[in-house]
Amino acid sequence: MTIIDWHQRAKEVDFTISHLIDGEQIALTLGDAILKYAPRDGSLLYQLSKGTPAEMERAVASARQAYQDKRWRGLPLHQRQAALRKLGDLVDEQQEIFALYESLDAGKPITQALGEVTMASDMLREAADGADKLFSAYAADGAYCAYQLRKPVGVVGAIIPWNYPLVIAALKIAPALIMGNSLVLKPSEHTALSANYLVSLALEAGIPPGVLNLVHGAGPTVGETLAHHPDVDLLSFTGSTATGKKMQMAAGQSNMKRLLLECGGKSPYIIFDDCPADLDTLAADIVGTAFQNQSQNCMAGSRLLVQDSIKEKLLPKVIEQTKQLIPQDPLDPNSTFGAMIHEAHMNKVLAYIDSGEREGATRIVGGKRVYVDTDAEGSEGFYIEPTIFDNVNPQQKIAQEEIFGPVLSVLTFNTEQEAIALANNTCYGLAAYVATENLGRVQRLSQEINAGTVMFMSTFAPVESFRELGKEGHRESGFGIEGGLMGLMSYSLSTTVHHWT
Ligand code: NAD
């Protein structure tokens, strides 16, 4: 097996970034630039423009024109499927460059980034595979028959965050396009690279110009324009709950566009004393779920709710395994824990750590910024040690708010009812993880916990089943299913036809 020198590869990377409008790459106007610093060493990586409302207007007009003249939705489904499958294959062919972009841009360990590229390419192909399964529902009775048409929604605006830039771009592009919509994508201003490269491959895959557009820039400039645009029919948003609420306002103030909102979370990992006996494996699962992607993960299990009777046996194992997670240069193939996305975010996470101490919780692991050796001179990347607080009060900020950084809060309970009450004691409802071997409890908790996804016994559910079943948030984690066949429904409209012959 060839060993890749990722540091050398990083020196050869092309950082050219442009909008894609109507199939043309449009240079950014850099007057009012956003400076992008590399999470791994703090060096200036590239510059991005904030973008202008006029650029977004052009992109929406291009998507509308492509929708109206049916250059894409008018194609037979098998042709749209072929194009999406080819785009997936092109992504696989460029796996290393995509992974490098993700690692440099978001500070993620390179081996993790390689896996995420495959996840994105699979999503593109699977949407293609799923689409023809939706067109078969009908009922017939003599001279009467009824069936349901699935139609594209029209022009889709997609606004995405920085934590899984390529995967979330694919998660939106795949269902939107296979259902026949046109799309305008706005990536996060903190991670422009992989989406930029992905859309550049669209024409080669057979997706006509104007069908897939991309405008880079800041939320308050191009993001607002897209969210308020009267000619956008569906806004598919992934990001924070605070911005998600703005999207609801924008939809209401403009054309009542449909919304798909995938927002924040504060997910509990609940441990009962009837959990599996192998506490080392369970601790590895807890640590993996809490700290994967430096905990910049909407579904992070950031609250450990542990039954009093088992805490003494379990917690030392969680501590021991957390201490083995050492922040390392993401370009090092052995790295399993990388950097925070940017300096301001790192400081926000450190402020949460301060608040945990001020409000009386006990810090038992980590808690500090660390400096990591990279190949850059004077390297000052944005790294924080994985951190655990014990004796956390349920009302504390670190138990209530989404930190989106490596801070695990430990809380205790005695009864199942107390566990459910604690689990539901935030405004969020994205995911929950439960360790128990009691099947009755499995039934009760899946019904009682406010969460769109509940995982029992292990969080390592096969990634395919995630993609096939889709997921949605409850409460202030958002609404609308993304992924799988149900996710294709989210990007389409129904017309029910009742027909007498
Ligand atoms: P964010 O809300 O700050 O930004 C998300 C996107 O919205 C970015 O592209 C940003 O430019 C844009 N934006 C910001 N303000 C805007 C405005 N006023 N109008 C229009 N667009 C605007 O979120 P983030 O910091 O990029 O991402 C982290 C958040 O995303 C976390 O809360 C995380 O839980 C959430 N997230 C949720 C899921 C999920 O599936 N539920 C998945 C990934 C991330």
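In each ligand, atom 1 is the first atom listed, and ligand 1 is the first ligand listed. Along the sequence shown, residues carry numbers from 1.
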Output yes when a side-chain donor or acceptor of D105 lies under 3.5 Å from a complementary backbone atom of A192, and no otherwise. yes
Just by distance, do the side chain of D22 and the backbone of A63 share a donor-acceptor pair under 3.5 Å? no
Taking all atoms of both residues into account, what is the closest heavy-atom pair of A113 and E102, and its distance? CB-CB, 4.0 Å
To check you understand the geometry: which heavy-atom pair defines the closest contact between Y352 and E401, and what is its length? OH-OE1, 2.6 Å
Report yes or no: do [X] and [Y] form a side-chain donor-acceptor pair below 3.5 Å?
X: E380; Y: Y37; value: no
X: T241; Y: E476; value: no
X: S240; Y: T243; value: yes
X: K172; Y: S236; value: yes

Side chain, backbone, both or neither: the part of [X] lying under 4.0 Å from ligand 1 by heavy atom:
X: I168; answer: side chain
X: A250; answer: neither
X: F237; answer: side chain
X: S240; answer: both
X: M299; answer: neither
X: P187; answer: backbone

Which of the numbered atoms in ligand 1 are below 4.0 angstrom from a heavy atom of [X]?
X: I160; value: 6 (C), 8 (C), 9 (O)
X: G223; value: 19 (N), 20 (C), 21 (N)
X: K246; value: 18 (N)
X: N163; value: 43 (C), 44 (C)
X: L430; value: 41 (N)
X: E224; value: 17 (C), 18 (N), 19 (N), 20 (C)
X: S188; value: 9 (O)

Describe, in one word, how the ring planes of F404 and W162 are oriented to each other, choosing from parallel (under 30°), tilted (30 to 60°) and perpendicular (over 60°). perpendicular
Ligand 1 contacted by M247 (non-hydrogen, < 4.0 Å): yes
Quick check, are the ring centers of F98 and Y197 under 6.0 angstrom apart? yes
Around atom CZ of R58, are there more than 12 heavy atoms from other residues, nucleotides or ligands closer than 6.0 Å? no
If you draw a 6.0 Å radius around CD in E357, do more than 12 non-hydrogen atoms from other residues or ligands fall strictly inside? yes
Looking at [atom], what's its closest protein heavy atom, distance included?
atom: atom 39 (C) of ligand 1; result: C298 SG, 3.4 Å
atom: atom 11 (O) of ligand 1; result: E189 OE1, 2.6 Å
atom: atom 28 (C) of ligand 1; result: F404 CE2, 3.5 Å
atom: atom 40 (O) of ligand 1; result: K471 NZ, 2.7 Å
atom: atom 34 (O) of ligand 1; result: E402 OE2, 2.6 Å
atom: atom 37 (C) of ligand 1; result: C263 O, 3.1 Å
atom: atom 22 (C) of ligand 1; result: G219 CA, 3.4 Å
atom: atom 25 (O) of ligand 1; result: W162 NE1, 3.0 Å

Should one rank [options] by closest heavy-atom distance to [atom], which comes out on top?
atom: atom 3 (O) of ligand 1; options: T243, T241, T221; answer: T243
atom: atom 12 (C) of ligand 1; options: I159, N297, L261, T238; answer: I159
atom: atom 27 (O) of ligand 1; options: S477, G452, P161; answer: P161

For a 4.5 angstrom cut-off between non-hydrogen side-chain atoms, does F389 reach I353? yes
Matching residue for R125 among V91, L84, D92 - test: side-chain contact (heavy atoms from CB on, under 4.5 Å): D92
Looking at CD1 of I159 and OG1 of T238, how far apart are the two atoms once the value is rounded to the nearest 0.5 Å? 10.0 Å
Less than 4.0 Å between atom 30 (O) of ligand 1 and some protein heavy atom, yes or no? yes
